[in-house]
A.B. asks: 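Next up is a structure, given as structure tokens.
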Amino acid sequence: MPDILSGLNKEQKQAVTETGGPLLIIAGAGTAKPTVITRRIAHIIEQKRALPSEILALTFTEKAAAEMEERVDVLVPYGYVDTWISTFHAFGNRILQEKALDLGLAPDFKVLTKPQQILFFQQNLFAFDLNYYRPLSNPTKFIEAILAFISRCKDEDISPEDYKKYLAKLKKTPVKKLGVSKEEWQEETSRQEELANAYAKYENLKIQAAKLDYGDQVIKTLELFRTRPKILKEYQKKFKYILVDEYQDTNYSQNELVKLLAGSHKNICVVGDDDQSIYKFRGAAISNILKFKEDYSKVKQVVLTTNYRSTQSLLDTSYRLIRFNDPDRLEVKN
């Protein structure tokens, strides 16, 4: 086996070898983060702290997952053998396929692509109790907007039941507090009720048709773990080490999933940089990385600052621009 620590600087070595308990790795651009992540996985295997199949590594793109697998395979001659390296959604899909019956899902369920979601909704359009969101002049006008709303609910870990509870509270809120007219208030609550009912109906229709969508791969896995404690314990025991790449881009639901899995042993390592968060429009919650130390009291932190890619003048210019995000940056909070 090659020397896993060869060529690493002091901070990188610490990030690779610190394998007890929660670890936050702040990795700026150009700091050889992929090298650190893959060598950390190889180090855990080499030190026999876990079998390859007991390591879970989550990232955001199939390409990144494939590259991670290839790098680990090179470092560990006998192969990574069943190490779970995948995107959040591929991981959730794998769990749901294994435990479909425990969640009342058809074992042969299909995951809808975005165009398929739109078509599915359109085919069932008149099964929904819609008025404002199904205008006679253009009945399909709001389909994409409704699906985007449902997707965002799932990113924020909000079920149809949760949304209906929110709506019930909303209806009890005095109109005077909101500074709108009674007519405006009635119109708004009516629209919200349409959305709440559409969300619930959409979920029921999908289950009946043995369909899931992209967001279900995470939120249904969360539901499985929350309603089946024995299954959660099974996977907590299985994954002795958890690693999350690009942690600043996780949304609320993805972070809750990771917290559940790491809840017993807390051997979780997250890698990211709040200055590089780019997926807010997809529900990414930068608060996840900012609050990591609150979620795990005994967390250790390693900061990778040596840049192997950019010139100093470019780094200095970038840093001046990034400072405009103060005081909400992790560097300032630390």
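The chain is numbered in sequence order, starting from 1. Since the structure is predicted, the reported quantities are computational estimates derived from the model, not experimental observations.
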A.B. asks: Just checking, is any N or O donor in the side chain of N288 or Y252 under 3.5 Å from an acceptor N or O on the other one?
C.D. replies: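 N288 vs Y252: no donor-acceptor pair found between side chains.
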A.B. asks: Do K164 and Y166 meet the cation-pi criteria used here (NZ or CZ under 6.0 Å from the six-membered ring centre, within 45° of the axis)?
C.D. replies: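 No.
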A.B. asks: Looking only at heavy atoms, what is the nearest atom pair of P139 and R134, with distance?
C.D. replies: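 Closest pair (atom of P139, atom of R134, distance): O-CG, 3.7 Å.
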A.B. asks: Is any side-chain heavy atom of V16 closer than 4.5 Å to one of V36?
C.D. replies: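 V36 vs V16: side chains touch.
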A.B. asks: Go through the steps to decide whether E187 and R191 satisfy the test salt bridge (charged side-chain N to carboxylate O under 4.0 Å, His left out), and finish with yes or no.
C.D. replies: CA-CA 6 Å; E187 185 177 349; R191 290 180 189 177; 2.5 Å; yes
A.B. asks: Are the side chains of K206 and L112 in touch, meaning some heavy atoms are under 4.5 Å apart?
C.D. replies: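 Yes, side chains in contact.
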A.B. asks: Output yes when E156 and R152 qualify as a salt bridge under the 4.0 Å nitrogen-oxygen rule, no when they do not.
C.D. replies: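 Answer for the salt bridge query: yes.
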A.B. asks: To the closest 0.5 Å, what do you measure between OG1 (T38) and CG (D73)?
C.D. replies: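 CG of D73 is found 11.5 Å from OG1 of T38.
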A.B. asks: When you check the gap from the basic side-chain N to the acidic O, do D216 and K211 get nearer than 4.0 Å?
C.D. replies: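 So D216 does not pair with K211 through a salt bridge.
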A.B. asks: Dump the intermediate steps for side chain to side chain contact (heavy atoms under 4.5 Å, CB included) on V258 and T250, then the final yes or no.
C.D. replies: CA-CA 10 Å; V258 169; T250 54; over 6 Å; no
A.B. asks: How far does CZ of F60 sit from OH of Y247, to the nearest 0.5 angstrom?
C.D. replies: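 F60 CZ to Y247 OH: 10.0 Å, rounded to 0.5 Å.
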A.B. asks: Determine whether V302 and L5 fall in the same hydrophobic cluster, where Ile, Leu, Val, Met, Phe, Trp and Tyr are linked whenever their side-chain heavy atoms lie under 4.5 Å apart.
C.D. replies: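 Both belong to a single hydrophobic cluster.
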A.B. asks: Between R71 and P34, is there a side-chain heavy-atom distance shorter than 4.5 Å?
C.D. replies: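 Yes, close enough: below the 4.5 Å cut-off.
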A.B. asks: So do H43 and T17 actually touch side chain to side chain, heavy atoms under 4.5 Å?
C.D. replies: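 The answer is yes; the side chains approach within 4.5 Å.
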A.B. asks: Using side-chain hydrogen bond (donor to acceptor under 3.5 Å, both in side chains) as the criterion, list what pairs up with D295, not counting sequence neighbours.
C.D. replies: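 Counting only residues at least two positions away or on another chain, D295 forms no side-chain hydrogen bond (donor to acceptor under 3.5 Å, both in side chains).
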A.B. asks: When you compare the side chain of F121 with that of L205, does any pair of heavy atoms fall below 4.5 Å?
C.D. replies: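 With C-beta onward as the side chain, the pair stays apart.
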A.B. asks: Under 4.0 Å between a Lys/Arg side-chain N and an Asp/Glu carboxylate O for R226 and E223?
C.D. replies: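 No, R226 and E223 are not salt-bridged.
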A.B. asks: Does the side chain of N255 reach to within under 4.5 Å of the side chain of D157, using non-hydrogen atoms?
C.D. replies: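 Contact flag for N255/D157 side chains = no.
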A.B. asks: Can you tell me if Q236 uses its side chain to pair, donor with acceptor, with the backbone of L260 under 3.5 Å?
C.D. replies: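 Yes.
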A.B. asks: Judged by modelled atom types alone, do E194 and Y199 share a side-chain donor-acceptor pair under 3.5 Å?
C.D. replies: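 No - no donor-acceptor pair under 3.5 Å links their side chains.
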A.B. asks: Can S253 and E256 be counted as having a side-chain donor-acceptor contact under 3.5 angstrom?
C.D. replies: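 Their side chains do not contain a donor-acceptor pair, so the 3.5 Å distance test is not met.
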A.B. asks: May I ask you to check whether over 12 heavy atoms, not counting those of E144, lie within 6.0 Å of atom CD?
C.D. replies: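 Atom CD in E144 is not crowded, with 12 or fewer foreign heavy atoms closer than 6.0 Å.
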A.B. asks: Where do L23 and V299 land on the side chain to side chain contact (heavy atoms under 4.5 Å, CB included) test, with the steps shown first?
C.D. replies: CA-CA 5 Å; L23 176 68; V299 64; 5.7 Å; no
A.B. asks: Return the CD1 to OG1 distance between I37 and T59, rounded to the nearest 0.5 Å.
C.D. replies: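 Interatomic distance, I37 CD1 to T59 OG1, rounded to 0.5 Å: 7.0 Å.
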A.B. asks: Give the intermediate values and the outcome of salt bridge (charged side-chain N to carboxylate O under 4.0 Å, His left out) for residues K114 and D213.
C.D. replies: CA-CA 8 Å; K114 187 173 181 180; D213 62 27; over 6 Å; no
A.B. asks: Check whether F88 and I219 end up in the same hydrophobic cluster, where Ile, Leu, Val, Met, Phe, Trp and Tyr are linked by side-chain heavy atoms less than 4.5 Å apart.
C.D. replies: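 They do not share one cluster, since no chain of ILVMFWY contacts under 4.5 Å joins F88 to I219.
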A.B. asks: Measure the spacing between OG1 of T19 and NZ of K300 and express it to the nearest 0.5 Å.
C.D. replies: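 The OG1 atom of T19 sits 8.5 Å away from the NZ atom of K300.
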A.B. asks: With the 4.5 Å side-chain cut-off for hydrophobic clustering, are V111 and L101 part of the same group?
C.D. replies: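 No, it is not one cluster - the side chains of V111 and L101 are not joined through contacts under 4.5 Å.
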A.B. asks: Please determine whether the number of non-hydrogen atoms from other residues, nucleotides or ligands lying under 6.0 Å from atom NZ of K233 exceeds 12.
C.D. replies: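 Incorrect, the count does not exceed 12.
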A.B. asks: When you measure from the side chain of T173 to the backbone of K169, do you find a donor-acceptor pair of N or O atoms at a distance under 3.5 Å?
C.D. replies: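 A pair under 3.5 Å: yes.
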A.B. asks: Would you call R40-E18 a salt bridge at under 4.0 Å N-O?
C.D. replies: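 Between E18 and R40 there is no salt bridge, as every charged N stays at least 4.0 Å from the carboxylate O atoms.
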A.B. asks: Checking the side chain of N124 only, and the main-chain atoms of A127 only, is there a donor and an acceptor separated by less than 3.5 Å?
C.D. replies: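 Pair absent, no side-chain N/O of N124 close to backbone of A127.
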A.B. asks: Kindly indicate, with the supporting measurements, whether the criterion side chain to side chain contact (heavy atoms under 4.5 Å, CB included) is fulfilled by C153 and Y163.
C.D. replies: CA-CA 8 Å; C153 283; Y163 202 81; 4.3 Å; yes
A.B. asks: Hey, is the main chain of G21 close enough, under 3.5 Å, to the side chain of H265 for a donor-acceptor pair?
C.D. replies: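 Side chain of H265 to backbone of G21: no pair is present.
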A.B. asks: Please tell me whether L125 and I150 are part of a single hydrophobic cluster in this structure, the criterion being side-chain heavy atoms less than 4.5 Å apart.
C.D. replies: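 L125 clusters together with I150.
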A.B. asks: Find out whether S86 and L58 are in side-chain contact, i.e. whether some heavy atom of one side chain is under 4.5 Å from a heavy atom of the other.
C.D. replies: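 Yes, their side chains come closer than 4.5 Å.
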A.B. asks: How many angstroms lie between atom CG of L212 and atom CD of Q97, to the nearest 0.5 angstrom?
C.D. replies: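 One gets 9.5 Å once the value is rounded to the nearest 0.5 Å.
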A.B. asks: What are the two closest heavy atoms between I242 and A262, and how far apart are they?
C.D. replies: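 Looking at all heavy atoms of both residues, the closest pair is CD1-N, 3.8 Å.
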A.B. asks: Take atom CG in N204; do more than 12 heavy atoms of anything else shown fall under 6.0 Å from it?
C.D. replies: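 Enclosed: over 12 neighbouring heavy atoms sit under 6.0 Å from CG of N204.
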A.B. asks: For Y202 versus F128, what's the shortest heavy-atom pair and its separation?
C.D. replies: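 The answer is N-CE2, 3.6 Å.
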A.B. asks: Backbone N or O of T61 within a donor-acceptor pair of the T87 side chain at under 3.5 Å?
C.D. replies: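 Checked: no pair found.
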A.B. asks: Is there side-chain contact between E98 and Y235, with heavy atoms separated by less than 4.5 Å?
C.D. replies: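 Yes, at least one pair of side-chain atoms sits under 4.5 Å.
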A.B. asks: Could you go through the side chain to side chain contact (heavy atoms under 4.5 Å, CB included) check for L243 and I55 one step at a time?
C.D. replies: CA-CA 8 Å; L243 188 146; I55 300 171; 5.9 Å; no
A.B. asks: What are the two closest heavy atoms between L261 and L56, and how far apart are they?
C.D. replies: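 Answer, listing the atom of L261 first, then L56: CD1-CD2, 3.8 Å.
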A.B. asks: Can you see which heavy atom on N93 is nearest to which on Q217, and at what distance?
C.D. replies: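 So the minimum-distance heavy-atom pair works out to OD1-NE2, 3.2 Å.
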A.B. asks: Taking E203 for the side chain and A200 for the main chain, is one N or O donor matched with an acceptor at less than 3.5 Å?
C.D. replies: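 Checking the backbone N and O of A200 against the side chain of E203, no donor-acceptor pair under 3.5 Å is found.
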A.B. asks: Do the side-chain N and O atoms of Q14 and Q12 include a donor-acceptor pair separated by under 3.5 angstrom?
C.D. replies: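 Short answer, no.
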A.B. asks: Set out, in order, the CA-CA distance, both residues' side-chain angles and the distance that settles salt bridge (charged side-chain N to carboxylate O under 4.0 Å, His left out) for E46 and R39, then state yes or no.
C.D. replies: CA-CA 10 Å; E46 181 191 44; R39 292 203 192 188; over 6 Å; no
A.B. asks: Do T189 and Q192 have a side chain donor and acceptor closer than 3.5 Å?
C.D. replies: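 The answer is no; no qualifying pair exists.
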A.B. asks: Given the rule that I, L, V, M, F, W and Y join up when any side-chain heavy atoms are under 4.5 Å apart, are L103 and I231 in one cluster?
C.D. replies: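 L103 clusters together with I231.
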A.B. asks: Could you give all pairs that pass the salt bridge (Lys or Arg N to Asp or Glu O under 4.0 Å) test and reach residues 47-63, with sequence neighbours left out?
C.D. replies: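 Pairs touching residues 47-63 that pass the test: E54-K240.
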A.B. asks: Between Q116 and T113, is a side-chain hydrogen bond (donor to acceptor under 3.5 Å, both in side chains) present by the stated rule, with each step listed?
C.D. replies: CA-CA 5 Å; Q116 288 171 337; T113 63; 3.3 Å; yes
A.B. asks: Determine the minimum heavy-atom distance between A15 and I25, stating which atoms define it.
C.D. replies: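 Shortest heavy-atom contact: CB-CD1, 3.6 Å.
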A.B. asks: In Å and rounded to the nearest 0.5 Å, what is the CD1 to OH distance from I143 to Y133?
C.D. replies: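 That separation rounds to 14.0 Å.
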A.B. asks: Do K99 and E234 sit within salt-bridge range, that is, some charged N less than 4.0 Å from a carboxylate O?
C.D. replies: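 Result for this pair is yes, salt bridge flagged.
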